[in-house]
Amino acid sequence: MLHLLLLIGLVAFSILAILIRDLLKSAISLAVASVFLAVLFFEMNAVYAGVFEVSVVAGLITVLFITAIALTRSDVDVVESRSHLIVFPLFFLVLAVIDILVMKRLLGRIPAMVNPESGTFAEVLWNQRTFDLVGQIGVIFAGVLSVLALFRPGEKDPGHESPTGDAALTGRQPRGGSHE
Amino acid sequence: MNNLWILNMGFAALLIGTGIYCLLTMKNTVKLLIGIEVIAKGVTLALVAGGFARNSLMLAQSLAITVIVVDVAVIATALALIININRHTKSLDVRKLTKLKG
């Protein structure tokens, strides 16, 4: 029963995150959905995935979203069509019906149980998935380098043409500045 | 155990479908990223649920962690792109990104 409630909470907050107009509330709904997913993982004894879900997805990604929302400003709000309030429930209903039909057919084809794994999580991660770890490190470095490239200083920003702002960014004093 | 697996997979499919709806219909770039995030949640849930059902939870967790790490890198890069685009277009509307349009 708890499992079902957690699943319903996860889907409900994910839908809220998509349908709410305010971006900040949307990001917070996404974080709450992540917490629900993490509790689900803990309930399924997937402790490490749960810890990652809470710390990285509910924590780090929410901070990234809120920072991005704070740094961006829109002169005109993006107007999403109001038809979502009618179209989305219909879409979700059709999706749920198809989902139930497919899952009913899958009920007889449960994946075969394998022998219980030997060893700890660290052994499985380091010994079996070594190549994945190398790939993860590569992806992290690629992400860091791309963010650094996108926020490269020194390029003139056409959107902000204020000389004092440029001077503040580059650390140079404007002409006729302070005399000691 | 079997019913739990079906239940988890069903809800994971709902999450992925909801995320795809968001990607197809929303115009706000931040909302599109939220859609990607919802899809990633569905995939992670499906991975861990599969591992739980097959009694190979450790392997499933390591794959889920890989998905989460890749997801973070994608979101960080995409948000940096959105901030840069917003400086130029002063908007978050995806329909205004037409510079490369032929």
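Only this structure's heavy atoms are used, side chains among them; waters, hydrogens and symmetry mates stay out. Labels below follow one simple rule: chain letters A, B, ... track the order of the sequence lines, proteins then strands, and each chain is numbered from 1.
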- Minimum heavy-atom distance between A/V147 and B/A76, given as atom pair plus value: CG2-O, 4.0 Å
- Can you say whether A/S34 sits under 4.5 Å from chain B via the side chain, the backbone, both, or neither, judging by heavy atoms? both
- May I ask you to test the B/T18-A/F92 pair for a side-chain heavy-atom distance under 4.5 Å? yes
- Task: Could you check which of B/D71, B/T77, B/V74 has the highest count of heavy-atom pairs closer than 4.5 Å to chain A?
- Result: B/T77
- Query: Counting heavy-atom pairs under 4.5 Å to chain A, which of B/L45, B/L33, B/I75 comes out on top?
  - Reply: B/L45
- Taking B/N8, B/D93, B/V70, B/V72 one by one, which has the highest count of heavy-atom pairs under 4.5 Å against chain A? B/N8
- What is the distance from atom CG of A/L133 to atom OG1 of B/T66, rounded to the nearest 0.5 Å? 7.0 Å
- Task: Start with the C-alpha distance between B/F11 and A/L10, add both sets of side-chain angles, then the distance that settles side chain to side chain contact (heavy atoms under 4.5 Å, CB included), and finish with yes or no.
- Result: CA-CA 9 Å; B/F11 275 88; A/L10 168 64; over 6 Å; no
- Turns out that what part of A/Y48 lies under 4.5 Å from chain B's heavy atoms comes down to both
- Message: Heavy-atom pairs under 4.5 Å with chain A: which of B/A64, B/A73, B/G17 has the most?
- Response: B/G17
- Task: Side chain from CB out, backbone as N, CA, C, O: work out which of these in B/L47 comes under 4.5 Å of a heavy atom of chain A, or both, or neither.
- Result: neither
- Quick one: of B/L79, B/L81, B/T44, who has the most non-hydrogen atom pairs under 4.5 Å with chain A? B/L79
- Does the side chain of A/H84 reach to within under 4.5 Å of the side chain of B/M26, using non-hydrogen atoms? yes
- Treating Ile, Leu, Val, Met, Phe, Trp and Tyr as nodes and any side-chain heavy-atom pair under 4.5 angstrom as an edge, say whether A/L5 and A/F42 lie in one connected cluster. no
- Report the option among A/L23, A/I8, A/V139 that has the most heavy-atom pairs separated by less than 4.5 Å from atoms of chain B. A/L23
- Task: Indicate if A/L60 and A/F52 have the same hydrophobic cluster label, given that clusters are the connected sets of ILVMFWY residues with side-chain heavy-atom separations under 4.5 angstrom.
- Result: yes
- Task: With the side chain counted from C-beta on, respond yes when A/L30 and B/V38 share a heavy-atom pair under 4.5 Å apart, and no when they do not.
- Result: yes
- Is B/N84 reaching over with its side chain to a backbone N or O of A/L150, donor-acceptor style, under 3.5 angstrom? yes
- Item | A/V102-A/I100 co-clustered via ILVMFWY side chain contacts under 4.5 Å | no
- Rounded to the nearest 0.5 Å, what separation is found between the CG atom of B/L59 and the CZ atom of A/R129? 5.5 Å
- Message: Let me confirm one number: the CZ-OG1 distance from A/F91 to B/T25, rounded to the nearest 0.5 Å.
- Response: 8.5 Å
- Highest number of heavy-atom pairs under 4.5 Å with chain B: which of A/L64, A/I18, A/V47, A/T120? A/I18
- Query: Is there a donor-acceptor contact under 3.5 Å from the side chain of B/K31 to the main chain of A/I20?
  - Reply: yes
- Note on the structure: If one checks every heavy atom of A/E123 against chain B at 4.5 Å, the contacting part turns out to be neither
- Item | Side chain / backbone / both / neither for B/L63 at chain A, heavy atoms under 4.5 Å | side chain
- Task: Go through the steps for B/I6 and A/K104 under the test side chain to side chain contact (heavy atoms under 4.5 Å, CB included), then give the verdict.
- Result: CA-CA 8 Å; B/I6 291 291; A/K104 263 189 177 176; over 6 Å; no
- Closest non-hydrogen atoms of A/A46 and B/V48, given as atom of the first, atom of the second and distance, are CB-CG1, 3.7 Å
- Note on the structure: From the list B/L15, B/L14, B/I34, side chain to side chain contact (heavy atoms under 4.5 Å, CB included) partner of A/S14 resolves to B/L15
- About how many Å separate CG of B/L4 and CD of A/E43, when rounded to the nearest 0.5 Å? 7.5 Å
- Does atom OH of B/Y21 have more than 12 heavy-atom neighbours, drawn from other residues, nucleotides or ligands, at distances under 6.0 Å? yes
- Do B/M9 and A/D99 have side-chain heavy atoms sitting under 4.5 Å apart? no
- Message: Within the supplied structure, the quantity of interest is the number of heavy atoms (other residues, nucleotides, ligands) at a distance under 6.0 Å from A/F141 CZ; does it exceed 12?
- Response: no
- Shared ILVMFWY cluster between A/V11 and A/L2, side chains joined below 4.5 angstrom? yes
- Message: Tell me whether B/V67 shares a hydrophobic cluster with A/I137, the cluster being built from Ile, Leu, Val, Met, Phe, Trp, Tyr side chains joined at under 4.5 Å.
- Response: no
- At what distance, to the nearest 0.5 angstrom, does CG of A/N45 lie from CD of B/Q61? 9.0 Å
- Quick one: of A/L95, A/L7, A/V57, who has the most non-hydrogen atom pairs under 4.5 Å with chain B? A/L7
- Query: Which bit of A/V87 is near chain B, if near means a heavy-atom gap under 4.5 Å: side chain, backbone, both or neither?
  - Reply: both
- Query: Nearest heavy-atom pair of A/A33 and B/K41: which atoms, and what distance?
  - Reply: CB-CE, 4.1 Å
- Message: Please report the interatomic distance CD1(B/I82) to CG(A/L71), rounded to the nearest 0.5 Å.
- Response: 12.0 Å
- Message: With a 4.5 angstrom heavy-atom cut-off, is it the side chain or the backbone of B/T29 that approaches chain A, or both, or neither?
- Response: neither
- Item | Residue part contacting chain B, namely of A/T72, when any heavy atom lies under 4.5 Å | both
